[in-house]
Amino acid sequence: MRKGLINKIFGTLIGVLFLSIVIHYTRPKKDYSKLMYDWFWTKKTHFSKSNNIIFLGDSRTYRGVSTESVKSEFPNQKVLNLGYSSGGLNKYMFDVAYSFLGKKEGLKIIVLGITPFSLTEEARKNEHYKQELERPLADVVERIYVNPYLSFFEPVRLSDYRLESDRTFYPQVFHESGWVESYKIPENKREALSSYRKTFSETVLSEKSVSETLSFVSEMKNTGVKVYGFRPPSSKEMEKLENELSGFDENEFITIFEENGGVWINISDRFSFDSYDGSHLHYQSAKELSLLLAQKMKQK
Amino acid sequence: MLFNSIIFLFFLVLFFSIWGFVKKRDFPRWITLCVFSFIFYAWWDWRFLFLIIFSGFIDYLAGLLMQSVPKKKKLWLVVSLVMNLGSLSIFKYSSFIASTFDALFSKMSIETHLYANIPEFALILPVGISFYTFQSMSYTIDIYRGRLLPTKNVFHFFAYLSMFPQLVAGPIIRAKDLLKQLAQDREVSLLAFWHGLKLISLGFFQKIVLADNIGVLVNNAFNSPESFVGGAFWWLATIGFALQIYFDFSGYSLIARGLAKWMGYHFKMNFNHPYLATSLKQFWQRWHISLSTWFRDYIYIPMGGSRKNLFLSHLFMWSTMLISGIWHGAAFTFIVWGGIHAFFLSFERIGKKYLRRIPSALMYGFTMFQVLIAWLFFRASSLAEAFNIIGNLFDFSQSNFYWMEFENSYYFIVIAVVFECLYLLTLKSSWIRRLYNCSLVQSVEVAMLIVACLFYRGPEQAFIYFQF
């Protein structure tokens with residue numbers, strides 16, 4: 001009886017080991033790791049303090065600015081991409097960004113990725129950031145210290161086993177310094193247009209966000225923090241749609257931004273960058289853009 | 001603390017590494033159980049730990065006083081019941097009662113603002129309050145009835161009341177079953193360990209693989225019902241919910257029973273394949289057994305049960321079912337859920353003679369239809385929403401399955417149905433039973449369950465019954 005039970009228990013252990021190995025090595029390739037996704041956002045929100053250069057903005061910033069490329073121009077500086085989905089540019093996030101800068105002497109730069117959406121009423125909610133910030137401590141500990149060791153057991157969806165020739169692939173790599181390297185197959189440069197059309201029918205440009213941005217720029221000038229601004233490239237159609245529906249006047253904004261002490265980085269050939277969905281940059285373009293931004297930051 | 005969280009795994013490792021040393025002697029055993037159970041509960045919200053301790057302490061004292069001052073037995077029972085039902089009323093029902101009165105008076109153009117005046121703390125529902133108050137009440141009621149002797153040791157009592165595997169979502173264990181077990185050091189044999197492992201792996205499989213994967217479809221559908229149309233889709237979503245709530249809750253109960261086995265204790269079965277029932281009566285003999293028997297023993301039978309005339313027995317059954325509804329949640333939807341079950345149970349009782357002649361496959365279909373319609377009220381956020389969804393169930397003008405969004409959940413619905421059918425097969429076929437008794441098959445089964453939990457787990461979700 002006892003021997004039989006011991007055999008059963010050992011048999012189970014061997015079975016678990018064998019089946020785990022089989023499933024792990026035959027699993028369908030995933031677009032991205034959910035465990036790393038969780039780790040990435042928790043790390044960005046809770047464990048990314050004391051930086052020299054911070055990029056702030058929405059998903060166009062966190063997908064479009066490669067911190068590694070920026071670092072190649074600023075080798076000894078700590079660079080963080082603090083972009084969030086639907087991230088707003090408003091006092092709340094400016095305070096967050098400022099608190100993420102290093103306290104010691106040294107280079108201090110905040111770069112704002114200015115999209116019309118980031119200046120809307122909707123973006124003022126900063127829902128993504130707050131959701132990450134308010135995560136219970138136990139979850140934070142689990143995501144940072146436990147989950148990365150469980151990647152062998154990354155969950156598999158049964159539907160992923162079904163081979164689909166027409167499936168959209170959306171691979172994403174999460175970098176510790178806040179950049180999400182991404183691309184899509186097949187690309188559809190008009191994909192994001194409808195959702196932006198819907199978004200701008202429901203929200204408007206916030207005057208409060210614009211004035212808070214300008215106040216922040218002039219305030220930072222007095223504290224020795226250099227503030228840069230740029231408009232993350234998307235696609236020609238998207239920019240046209242955003243400008244028309246939001247009423248965002250880029251030239252007027254640049255003028256007052258500079259009047260308040262900000263440095264505007266003009267990307268002359270913005271539509272030469274490749275966007276996979278009409279809104280976010282292909283990772284190769286993100287690298288090129290980031291290098292260009294860093295070079296221009298060095299010059300100005 | 002959720003069973004399906006990593007932190008619980010650490011908690012368990014710590015508990016069982018201490019348990020082996022302390023379980024031999026009464027006092028360290030009870031203290032350890034109390035301390036770990038309190039930590040387990042406080043992990044959710046430490047403030048409400050005082051509520052369990054306070055209400056539990058009153059019941060502990062009431063039990064002792066009933067024994068030492070038997071003349072005032074009734075008074076101490078009333079104190080215990082008022083305490084338990086009072087805390088339930090404050091924390092679970094105050095907002096429902098207040099908003100109902102507000103709505104009622106506003107129809108008469110009287111502004112009462114009762115809801116707005118409820119203190120903030122009373123708006124939070126302490127996890128598991130319905131479970132531990134019922135468990136605590138059974139202790140004092142059994143002492144009052146002379147079926148149980150009170151324990152003199154307060155830690156012995158709290159080890160029973162707050163025992164972590166079943167603290168927040170049952171099964172509701174009777175004091176007469178568990179206090180006796182807790183009074184001894186109980187050997188955990190290798191066989192008990194193996195049974196515990198089977199129960200735990202099956203429980204986790206039911207919860208994190210079946211319920212959580214099906215939950216993606218159910219939660220999306222019921223959280224924004226206006227976004228989905230088509231009878232076929234809504235039937236699948238409703239069946240999905242029936243499976244989700246069953247596997248979620250049954251999974252919890254199995255894990256609780258398995259952990260208890262590892263500690264040396266035995267909890268009775270809480271679910272016995274309710275969706276294989278061919279009548280509602282059978283369904284209630286198989287669903288949440290610890291609660292159904294609690295209602296039977298402490299409400300239905302004391303009222304008179306079926307000992308009085310036919311009309312009264314129906315009335316008592318209706319009352320019990322409506323109380324069961326409101327026990328589940330403070331909303332009219334739960335009362336209607338209880339009412340639907342009562343209605344069909346009455347129907348079954350009255351038409352018993354005729355229903356016997358109906359083929360069992362038809363009776364099965366009829367029973368499941370009743371259960372599914374009732375679940376809609378249980379899950380919907382309002383009566384109007386439930387009726388809208390019922391309307392959708394019979395709208396076959398569109399056949400949209402939202403395949404892209406819920407493909408994965410559909411696979412797990414199929415697996416869940418096959419899973420239950422396999423059990424049915426073991427009942428019907430002696431060949432399969434013999435095969436199942438083979439050691440190798442059992443090892444492979446448990447290994448498959450564990451590996452499924454590791455790789456095919458759904459997005460982490462809290463247990464549904466935590467909200468009750």
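Within every chain, numbering begins at 1; the chains are lettered A, B, ... in the order of the sequence lines, protein sequences first and strands thereafter.
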Near [X] [atom1], under 6.0 Å, is it more than 12 heavy atoms from other residues, nucleotides or ligands?
| X | atom1 | answer |
| --- | --- | --- |
| A:Lys130 | NZ | yes |
| A:Tyr183 | OH | no |
| A:Tyr25 | OH | no |
| B:Arg433 | CZ | yes |
| A:Met36 | CE | yes |
| A:Lys91 | NZ | no |
| B:Trp431 | CH2 | no |
| A:Arg27 | CZ | yes |

Let me know if [X] has heavy atoms under 4.5 Å from chain A in its side chain, its backbone, both or neither.
| X | value |
| --- | --- |
| B:Phe10 | side chain |
| B:Leu440 | neither |
| B:Ile450 | side chain |

Give the intermediate values and the outcome of side-chain contact (heavy atoms from CB on, under 4.5 Å) for residues B:Tyr456 and A:Ile23. CA-CA 10 Å; B:Tyr456 300 111; A:Ile23 292 175; 3.6 Å; yes

Return the option, out of B:Ser439, B:Pro459, B:Ser201, with the maximum number of heavy-atom pairs under 4.5 Å with chain A. B:Ser439

What option among B:Phe193, B:Trp43, B:Trp194 has the most heavy-atom pairs under 4.5 Å with chain A? B:Trp194

Could you check whether any side-chain heavy atom of A:His24 comes within less than 4.5 Å of a side-chain heavy atom of B:Phe455, counting everything from C-beta outward? yes

Heavy-atom distance under 4.5 Å between the side chains of B:Leu454 and A:Ser20, does that happen here? yes

Just so I understand: if I count every heavy-atom pair under 4.5 Å between each of A:Thr12, A:Leu13, A:Leu17, A:Leu19 and chain B, which residue has the most? A:Thr12

Quick one: which of A:Gly15, A:Pro155, A:Gly11 has the most heavy-atom pairs under 4.5 Å with chain B, could you say? A:Pro155

Chain B neighbours within residues 138-153 of chain A, where any heavy atom lies under 4.5 Å away: A:Ala138, A:Glu142, A:Val146, A:Leu150, A:Phe152, A:Phe153

The reported gap from CD in B:Gln442 to CG in A:Asn7 (rounded to nearest 0.5 angstrom) is 12.5 Å

To the nearest 0.5 Å, tell me how far B:Met404 CE sits from A:Ser159 OG. 9.5 Å

Between A:Lys8 and B:Ser443, what is the shortest heavy-atom contact and its length? O-OG, 2.9 Å

Smallest heavy-atom separation, B:Leu190 atom then A:Ile6 atom, equals CD2-CG1, 3.5 Å

For side-chain contact (heavy atoms from CB on, under 4.5 Å), just list the numbers for A:Leu158 and B:Ile415, CA-CA rounded to whole Å, side-chain angles, deciding distance to a tenth of an Å, and then say yes or no. CA-CA 11 Å; A:Leu158 287 184; B:Ile415 291 171; 3.5 Å; yes

